Amino acid sequence: MKVSGTLVLLAVVGGLAYALWRSEQKQADEPELEPVVSALDGRSLGTALEIDVSTDWLKQVVELRREQPGSPWFVTEPLRDLASSARVEALRSVYDPAELVPAYESAELTPDLLAQTGLAAPRARLRARWPDGTESELAIGLEGPFGHDLFVRRGDRVLRGDLALYTSLQAVLDDWREPFAFANDAGDAEQVTIDRRLVGGDREVLRLARRGTGPWRLEQPESLRLEPGRAGQFIASLLSLRAQSFLPGRPTEGLGPVSPEAGPDVRIDVSGRRGTDHVELTARGAGGLIAWSQARDVWFVVDGTHFQTVVDTPVRMLRAQGLLAFPIDDARRITLAPPGGGTELELRRAEAGPFALARPVTMPADPTATGELLQALRGLVATSFVEDGATDLARYGLGPTAARVELIGSRQYEPLRLEIGMDADADNTYARRADEANVVTILRTQADILRRDWTALVDRQVLKIDASAGIAEVRIRNAEGGERRVVGAGAGLWRDATTDAVDPRLVEQVEQLFDLTATGVRSGLDGDFGEPTQVVDLRSTAGGTLATLRFVDRPDGTLLCQSADRTGVVYELGHLVSEAVRELRP
């Protein structure tokens, strides 16, 4: 078995050596083939001025011409129309990189050879001319020996090229014509006007416009903001109108129920970076439309089933339901003014920091209340559109007496103003943007948050002092002039400075002051806090006063509290905290 296996291995090695020797001998005997050549000699159809195409089954030459490289292509023969940019680009993508393999030299060409390769009567031809006068012509013959190649004649040489050189030319005349009705696409358009006939015969004009690549806005019949996504999809669908087939000349009365003299059902004007377009459409019946392009002066048939749905889109489907023009997370300043002209609240924050009150007092904002406010603004959308172009705003509680919200973002200089009016019903409230005369409704739960008194946004943390802050003494005075001093006794304990007694309850009472949180907040801007029944000074080991708190008894047994450095705010304390603070009195 081992001997047999060795013989097989030797036979294989010997066979390979012989095959290699034969290959080298064959290569030495055969003449060296010429390298592949570029089908267009390295030139590109993208820079050509003329392209002529003909095929055996089209039976006519299609001439494409343009004035200069980069300008639009036009079909000039056998008719005149704008050429399909997609079809020309597909042709360029095939011919520009195409390479040809030499097959027969001029000396070998005979009538029989040309007939066998299909070049005696070529199946197709392509001729191109460039600005410098250079021309290139390719004749396409039959398929080559490999099935995916074909014979190509260029000048007096026969070469082989890819089958795509022929298949890319297989098109009817209409395929070479631009199928899209508008030169401007959704990215180029800047203004779109739709004059449409409504059911009943009346006409309605919609005009949408934008600046540059900004958001679309409805200018006619009313100035309205549009939902960016829906407006963009609407424009894209509208400008994707394309011909199913082209009509030979102008339609007549005999071509279905179409009477061009009666006026179109829809007129569409588009202006943008690629010029202007004017297209008219008339219902043909059975869901079809006949269209006319003014710029090209051509008539064509459109599949109107989808397009009619686009044209008939109600304005309300395009309107922006969101009332804010920028992401709320980008807000840097928020101003809330209550109805009737009460005290305004202003919140400010740095780029990445939390919001803090800047007016009417300067202090931290309550994180929970601020989060609710931001969430209400973030989800602020119109639940219904009540009246466009409203002039009598008072009937909705809007105008000068309305609650107001102002927002300024990091890249915004003019504030965005929202007005919150009276309640429309149990669930909705009237509102509007101050720069728009359009009344909408928003959820009442959101409106109530935006109409809150400014004190709802005040942080309820009255005092927060770390145990390591160096508090040496707590000094308490009552209304009668009595005074009590509580000093540190070490190990977190406190003692009465008068009796020198260490009372474990003092720990709980003093620590209530160090982490003092209110249950409610009221305004202290009028300065009418009243005569305090208890004053507490927190003194440091360095001898200075860190904080001074004043307390007033309420009939229900709780305390009101005011910090000496925040006189514009009065805090309401709960029962347990009030009891602990009261027990510290002399």
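The shown structure was predicted, so the numbers you read here are calculated from the model rather than taken from an experiment.
Distance check, rounded to the nearest 0.5 Å: CG of Leu457 to CG of Leu345 gives 5.0 Å. With rounding to the nearest 0.5 angstrom, the OG atom of Ser563 is 5.5 Å from the CG atom of Leu549. Going from atom CG of Leu443 over to atom CG of Leu380 covers 8.5 Å, rounded to the nearest 0.5 Å. We find the CG-OG1 distance between Leu450 and Thr429 to be 9.5 Å, quoted to the nearest 0.5 Å. In this structure, CZ in Phe355 is found 4.0 Å from CZ in Arg349, a value given to the nearest 0.5 Å. Considering CZ of Arg432 and CD of Glu387, their distance stands at 11.0 Å, rounded to 0.5 Å.
Between the side chains of Asn184 and Glu190, no donor-acceptor pair is found at a separation under 3.5 Å. Side-chain contact check for Asp537 and Thr548: at least one donor-acceptor pair (N or O, by modelled atom type) lies under 3.5 Å. Side-chain atoms of Arg207 and Thr193 form a donor-acceptor pair, as typed in the model, at a separation below 3.5 Å. In this model, a donor atom of one side chain and an acceptor atom of the other lie less than 3.5 Å apart for Arg585 and Thr533. With hydrogens and angles left out, the side-chain atoms of Glu419 and Tyr396 include no donor and acceptor closer than 3.5 Å. Checking Ser384 against Thr441 by side-chain atom types alone, a donor-acceptor pair falls below 3.5 Å. Judged purely by distance below 3.5 Å, without hydrogens or angles, the side chains of Arg566 and Tyr571 pair a donor atom with an acceptor atom.
For the residue pair Thr455 and Ser523, the shortest heavy atom distance occurs at CG2-N, 3.6 Å. Minimum heavy-atom separation, Leu82 to Pro72: CD1-CB, 3.9 Å. Pairing each heavy atom of Ala382 with each of Val440, the nearest pair is CB-CB, 3.8 Å. The two atoms that bring Ala369 and Asp366 nearest to each other are N-OD2, 2.8 Å, heavy atoms only. Between Val381 and Ile442, the closest heavy-atom pair is O-CG2, 3.7 Å. Residues Ile194 and Phe234 approach most closely at CD1-CZ, 3.5 Å, considering heavy atoms.
Put simply, the side chain of Thr370 never gets that close to the backbone of Pro367: no donor and acceptor are under 3.5 Å apart. With hydrogens and angles disregarded, no donor-acceptor distance shorter than 3.5 Å links the side chain of Ser223 to the backbone of Glu219. Side-chain atoms of Arg378 do not come within 3.5 Å of backbone N or O of Asp329 as any donor-acceptor pair. Checking side-chain atoms of Arg230 against main-chain N and O of Met317 turns up a donor-acceptor pair under 3.5 Å. Judged by distance alone, with hydrogens and angles left aside, the side-chain atoms of Arg460 form a donor-acceptor pair with the main-chain N or O of Thr519 at under 3.5 Å. Under a 3.5 Å cut-off, the side chain of Glu280 and the backbone N or O of Ile268 do not form any donor-acceptor pair. In this structure a side-chain-to-backbone donor-acceptor pair under 3.5 Å is missing from Gln562 to Gly524. No donor-acceptor pair closer than 3.5 Å links the side chain of Glu227 to the backbone N or O of Gly229.
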One pair to check against side-chain contact (heavy atoms from CB on, under 4.5 Å): Asp269 and Val192. What are the steps and the verdict?
CA-CA 6 Å; Asp269 289 279; Val192 177; over 6 Å; no
Start with the C-alpha gap between Asp427 and Arg444, add the side-chain angles, then the distance that decides, and say whether salt bridge (charged side-chain N to carboxylate O under 4.0 Å, His left out) holds.
CA-CA 5 Å; Asp427 299 317; Arg444 182 175 175 178; over 6 Å; no
Decide yes or no on side-chain contact (heavy atoms from CB on, under 4.5 Å) for Asp515 and Lys464, but give the supporting numbers first.
CA-CA 5 Å; Asp515 190 8; Lys464 182 73 172 178; 3.4 Å; yes
Assess the residue pair Arg582 and Asp553 against the criterion (side-chain contact (heavy atoms from CB on, under 4.5 Å)); give the C-alpha distance rounded to whole Å, side-chain angles, the decisive distance to 0.1 Å, and a yes or no.
CA-CA 9 Å; Arg582 190 181 290 110; Asp553 289 318; 3.5 Å; yes
Could you walk me through whether Met363 and Val569 pass side-chain contact (heavy atoms from CB on, under 4.5 Å), step by step?
CA-CA 10 Å; Met363 59 183 301; Val569 173; 3.6 Å; yes
Pair Asp423-Arg451, salt bridge (charged side-chain N to carboxylate O under 4.0 Å, His left out): steps then yes or no
CA-CA 12 Å; Asp423 294 330; Arg451 292 182 295 196; 3.0 Å; yes
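At most 12 heavy atoms of other shown residues, nucleotides or ligands fall within 6.0 angstrom of atom CD in Gln233.
Ion pairing between a basic and an acidic side chain is recognised when a charged N comes within 4.0 Å of a carboxylate O; Asp453 and Arg522 show no such pairing. We find that Glu89 and Arg87 are not joined by a salt bridge, their nearest charged nitrogen and carboxylate oxygen being 4.0 Å or further apart. A salt bridge links Arg217 with Glu436: the distance from a Lys NZ or Arg NE/NH1/NH2 to an Asp or Glu carboxylate oxygen falls below 4.0 Å. With respect to Arg404 and Glu344, a salt bridge is recorded, a charged nitrogen being found less than 4.0 Å from a carboxylate O. The existence of a salt bridge linking Asp81 and Arg177 is confirmed by a sub-4.0 Å separation between a basic side-chain nitrogen and an acidic carboxylate oxygen. One finds a salt bridge joining Arg452 and Glu372 here, because a Lys/Arg side-chain nitrogen approaches an Asp/Glu carboxylate oxygen to under 4.0 Å. A salt bridge links Arg203 to Asp195: at least one charged side-chain nitrogen sits closer than 4.0 Å to a carboxylate oxygen.
The salt bridge (charged side-chain N to carboxylate O under 4.0 Å, His left out) with Glu406 is formed by just one residue from the set Arg417, Arg332, Arg359; it is Arg417. When Val279, Asp297, Val298 are each tested for a side chain to side chain contact (heavy atoms under 4.5 Å, CB included) with Trp292, only one passes: Asp297.
A cation-pi arrangement is found for Arg319 relative to Phe385, the charged atom lying closer than 6.0 Å to the ring centre and inside a 45° cone about the ring normal.
Considering only heavy atoms from C-beta on, Ile328 comes within 4.5 Å of Leu407 through its side chain.
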